2 protein chains.
Amino acid sequence: MTVSKTATLDAAKPPRPARKDGADGAGEGGGPLQMGELAELLGYSLKRAQLKVFEDFLRCVAPLQLTPAQFSVLLLLDKNPGRNQTEIANTLGILRPNFVAMLDGLESRDLCARMRSTNDRRSHILVLTDKGRAVLARAKKLVATKHEARLDELLGPANRLALLEMLAKIAREF
Amino acid sequence: MTVSKTATLDAAKPPRPARKDGADGAGEGGGPLQMGELAELLGYSLKRAQLKVFEDFLRCVAPLQLTPAQFSVLLLLDKNPGRNQTEIANTLGILRPNFVAMLDGLESRDLCARMRSTNDRRSHILVLTDKGRAVLARAKKLVATKHEARLDELLGPANRLALLEMLAKIAREF
DNA sequence: GATAATTGTTATCCACTATATCAAATTCCG
DNA sequence: CGGAATTTGATATAGTGGATAACAATTATC
């Protein structure tokens with residue numbers, strides 16, 4: 001059913017440049033579409049902006065192979081030593097079942113470790129490894145000098161701070 | 001293996017109130033965790049705020065059973081009649097394959113319809129049905145009077161506008 | 001008229017999210 | 001003390017969103 005008929009031939013065929021129409025992204029009806037009330041919908045711009053920011057984060061921190069979620073875990077572990085999985089996961093809004101695989105990934109890369117607590121032998125105390133601290137330090141530098149710096153450049157420091165505070169307020173009180 | 005042993009008994013057991021410790025969400029180490037640099041990470045607050053806003057959107061528009069994505073499609077169809085699937089999907093950042101099932105859902109609820117174009121018999125011209133227009137009108141009212149109004153109340157109209165413009169700028173230029 | 005591109009579609013695949021359930025360990029409370 | 005309930009980490013599983021490859025029908029290109 002999934003017989004690759006063209007796949008073996010595609011490499012031998014240099015595709016054509018583009019289409020005749022020089023205008024990009026437009027159909028028969030005319031130019032770009034009207035966004036209408038979408039432009040005033042906060043949630044819409046919020047979502048599009050979030051995707052862009054995460055995309056840039058991944059680019060900037062690509063040499064360390066860290067996702068935003070992984071970076072946030074390393075940050076929390078560094079600032080909150082001696083906590084268990086439930087506490088870290090809850091703080092980040094990650095469900096405990098989903099946090100297991102995430103920790104497996106970080107632990108398999110020797111960025112953090114689970115240690116059985118002596119007080120409560122159910123829980124795992126999470127700690128950063130030396131490598132984890134080193135990676136975190138490098139990641140922080142990349143984020144600050146490339147990622148956040150680019151946002152500063154786009155918005156200006158004052159606006160960036162105002163934006164941050166409003167977003168934090170929404171996340172906290174909405 | 002997945003024999004439900006406790007499920008049949010759970011209903012008969014009224015669970016206890018809570019735990020002994022009155023302080024909520026804290027572990028052995030102390031109170032709430034330190035957020036550290038996370039508080040200054042724009043992407044982090046952006047993501048948390050986006051989740052909150054979408055959550056509230058779903059609540060406000062729940063009687064109409066519309067997701068933010070579905071609402072955005074209805075809005076675009078209303079403002080841009082005579083466009084095909086590729087144009088609508090591209091404008092919303094939805095990949096064409098994923099847009100098919102989405103349209104199936106809207107069409108099965110008689111909110112929109114696909115019409116074969118006479119010019120190009122490959123493409124489907126998308127149109128809102130009467131019911132689709134009615135639902136959209138009610139949705140717009142709910143969004144304005146409940147959802148956006150609540151954001152206005154939290155931030156103030158001026159701040160809300162400033163926030164919107166910064167997010168739009170990020171989505172556009174970042 | 002042959003070749004390439006476009007449109008809608010299907011089939012997958014991956015990441016993320018959500019719920020139910022479990023065993024081990026701990027707490028609660030009579 | 002001792003049984004019932006809770007907590008913790010874990011597994012399985014399902015749902016959703018996003019992404020790529022491939023395909024048939026149609027249209028554009030040269």
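Worth knowing before you read on, the calculation uses all heavy atoms, side chains too, and leaves out hydrogens, waters and symmetry mates. Numbers restart at 1 for each chain; the letters A, B, ... are given by sequence-line order, proteins then strands. As the structure is a computational prediction, the values presented were derived from the model and not from experiment.
B:Val73 is listed as a side-chain neighbour of B:Phe99, based on a closest heavy-atom distance under 4.5 Å. Considering only heavy atoms from C-beta on, B:Leu136 comes within 4.5 Å of B:Leu75 through its side chain.
Within a 6.0 Å sphere centred on CZ of A:Arg138, other residues, nucleotides and ligands contribute 12 heavy atoms or fewer. More than 12 heavy atoms of other residues, nucleotides or ligands lie within 6.0 Å of CD in B:Glu107, so this atom counts as buried by the packing criterion.
Rounded to 10°, the helix from C:dG1-D:dC30 to C:dG30-D:dC1 has 20° between the axis fitted to its first five pairs and the one fitted to its last five.
Here D:dT16 presents its P atom at 12 Å from CG of B:Leu58, a figure rounded to the nearest Å. As rounded to whole Å, 14 Å separates atom C1' of C:dT7 from atom CD1 of B:Ile88. Atom CD of A:Gln50 is separated from atom P of D:dG17 by 14 Å (rounded to the nearest Å). The CG atom of A:Asn119 sits 9 Å away from the P atom of C:dT27 (whole-angstrom rounding). A:Asn84 has its CG atom 16 Å from the P atom of C:dA25, to the nearest Å. In this structure, A:Glu55 atom CD and D:dA19 atom C1' are separated by 13 Å, rounded to whole Å. Distance B:Asn90 CG to C:dT7 P: 9 Å, rounded to the nearest Å. Nucleotide C:dC16 holds its P atom 15 Å from the CZ atom of B:Arg48, rounded to whole Å.
Applying a 4.0 Å cut-off to non-hydrogen atoms, the residues of residues 93-103 of chain B that approach DNA chain D are B:Leu95, B:Pro97, B:Asn98, listed by residue number.
The heavy-atom pair separating A:Ile125 from A:Ser117 by the smallest distance is CG1-CB, 3.7 Å. Across A:Leu66 and A:Ala139, no two heavy atoms sit closer than the pair CD1-CB, 3.9 Å.
Put simply, the side chain of B:Arg121 and the base of D:dT26 share no donor and acceptor less than 3.5 Å apart.
At distances below 3.5 Å, at least one donor-acceptor pair connects side-chain atoms of B:Lys131 with backbone N or O atoms of B:Arg109.
Contact check, B:Gln85 against C:dT9: a side-chain N or O comes under 4.0 Å of OP1 or OP2.
Within the structure, side-chain hydrogen bond (donor to acceptor under 3.5 Å, both in side chains) contacts touching residues 36-46 of chain B (residues at least two apart or in different chains) are A:Lys140-B:Glu37, B:Tyr44-B:Arg48.
Side chain of A:Ser123, nearest nucleotide from D:dT8, C:dA5, C:dG8: D:dT8. For B:Arg122, counting side-chain heavy atoms from C-beta on, the closest listed nucleotide (C:dA25, C:dT6, C:dG8) is C:dT6.
Each of A:Arg116 and A:Leu51 was matched to the nucleotide of DNA chain D holding its nearest heavy atom; the match closer to the 5' end belongs to A:Arg116. Residues A:Thr67 and B:His124 each lie close to DNA chain C; by heavy-atom proximity, the contact nearer the 5' end of the strand is made by B:His124.
The pair A:Glu165-A:Lys169 does not count as a salt bridge, with every side-chain nitrogen at least 4.0 angstrom from each carboxylate oxygen.
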